[in-house]
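Everything below concerns the one structure shown next.
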Amino acid sequence: MDHNLQSIPAPHFDLEKTLNSGQVFHWTRLGRGFVGALAENLVYLEQAGETIRVTAWHAKAAAHYLALDHPLPEILKTFPVDPVIQTAIQFSEGLRIIRQPQWECLATFLTSPLKQVQHIRAISLAIRKRFGRRLQRDGMEVFSYPRPEQVSGIPLAELLECKLGFRAANLLATAKIVASGEMDLEALRNLSTEDARAALCELPGVGEKIANCVLLFAYDRLDAVPVDVWIARVLNEVYFAGRLKVPLRELKSFAAHYFGSYAGYAQQYLFHHWRLTYRRR
DNA sequence: ATCCAGGATAGCG
DNA sequence: CGCTATCATGGA
């Protein structure tokens, strides 16, 4: 597995946490690293201290994908000094919010409602294996995510075999809109976060939460804050302790303001920490 | 067995 | 406008 790997510096970075924190769902452990598809290329990644070793030719793309240029120490300094977020930061040390390709990020989160992280992963891998392009290299094999043009042509019954349930119709309908050009995902880059969010919410199956996931994980909008059941749980149990039935809009407003201009990062650390340590009472 | 999961949406008052 | 029931599947 160590043929033709290129080293790139990666300070303040934890590969495992980054790939297994519920922002991206298809990377698979292989040897001491991970294998997956970066757009249409098979890429192998492994970490050695403050260095990432990447399959040659993909170093530059990988560094961008992994957001190794995000000024993590500076970002952390902008967070409020309270024990809850500071504990989550420690627990999540080295977790970076990566830059995913727009379509596969959108498509993957379209399959996420009312699903656990491992289910989203299973669905992503099933769709890739069945409809994506097979990529091989040095005995490794992965599958890319099918483009919107291809997804739009999949019969609903076939898509349902990937165990999407009621989410399949939304994925199909959105794929048709994107494939037709009616929605230009690349053009959203030129919009304000607010306008891009509104545009994403026009797509079938995309509400405010999924739109914020896409903005945060694929558009580098680090102030976008997805409020899912876990974030709502943290806010209710900690920041609104003692209050009953806090309206969701109040939770969202609080999260978007309290954590500062990198609230998306703060949100990801809270999500990661609580999801892996929470015990029901 | 019952509850829950990185929610969105139509339909109600 | 805000609130509720419902959607499909599998793990805890």
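Keep in mind that the numbers below use all heavy atoms, side chains included, and drop hydrogens, waters and symmetry copies.
- The closest donor-acceptor contact from the side chain of A:T174 to the backbone of A:P204 lies under 3.5 Å.
- Atom pair A:L248:CG and B:dG6:C1' shows a separation of 13 Å (rounding to whole Å applied).
- Spacing between atom CD1 of A:I97 and atom P of B:dG6 amounts to 17 Å, rounded to whole angstrom units.
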Evaluate the criterion side-chain hydrogen bond (donor to acceptor under 3.5 Å, both in side chains) for residue pair A:S253 and A:R249; output intermediate values, then yes/no. CA-CA 6 Å; A:S253 172; A:R249 67 168 179 283; over 6 Å; no
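- Contact check of residues 155-180 of chain A against DNA chain C (heavy atom, cut-off under 4.0 Å) returns A:K163, A:G165, A:F166, A:R167.
- Within residues 113-129 of chain A, the residues having any heavy atom under 4.0 Å from DNA chain B are, by residue number, A:P113, A:L114, A:K115, A:Q116, A:V117.
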For side-chain hydrogen bond (donor to acceptor under 3.5 Å, both in side chains), just list the numbers for A:H70 and A:Y265, CA-CA rounded to whole Å, side-chain angles, deciding distance to a tenth of an Å, and then say yes or no. CA-CA 11 Å; A:H70 280 169; A:Y265 253 102; 2.8 Å; yes
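- Regarding A:L276, its CG atom lies at a distance of 14 Å from the P atom of B:dA5, rounded to whole Å.
- The hydrophobic cluster containing A:F91 also includes A:L276, under a criterion of side-chain heavy atoms closer than 4.5 Å among ILVMFWY residues, counted directly or through chains of members.
- Distance noted for atom P between B:dC3 and C:dT6: 15 Å (whole Å).
- At a cut-off of 3.5 Å, with distance as the only test, a side-chain donor of A:R128 or A:S124 sits close to an acceptor on the other residue.
- Within the 4.0 Å cut-off from OP1 or OP2 of B:dA5, at least one side-chain nitrogen or oxygen of A:R233 is found.
- Contacts between residues 192-213 of chain A and DNA chain B, counted as heavy-atom distances below 4.0 Å, involve A:L203, A:P204, A:G205, A:V206, A:G207, A:E208, A:K209, A:I210.
- Using P as the reference atom, B:dA8 and C:dG11 are 23 Å apart when rounded to the nearest Å.
- Residues meeting the side chain to side chain contact (heavy atoms under 4.5 Å, CB included) test with A:P226, sequence neighbours left out: A:K209, A:N212, A:C213, A:L216, A:Q267.
- Rounded to whole Å, the P atom of C:dG10 lies 23 Å from the corresponding atom of B:dT9.
- Taking the C1' atom of each, C:dC7 and B:dC4 are spaced 15 Å apart, rounded to whole Å.
- Rounded to whole angstrom, the span from the CH2 atom of A:W230 across to the P atom of B:dA5 amounts to 6 Å.
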What pattern of brackets, bars and dots sums up DNA chain B from 5' to 3', given Watson-Crick or G-U wobble pairs under 3.5 Å, [ ] for crossing pairs and | for another strand? .||||.|||||||
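- Of all heavy-atom pairs spanning A:A199 and A:M183, the tightest one is O-CE, 3.3 Å.
- One atom, CG of A:L235, and another, C1' of B:dG6, lie 14 Å apart when rounded to the nearest Å.
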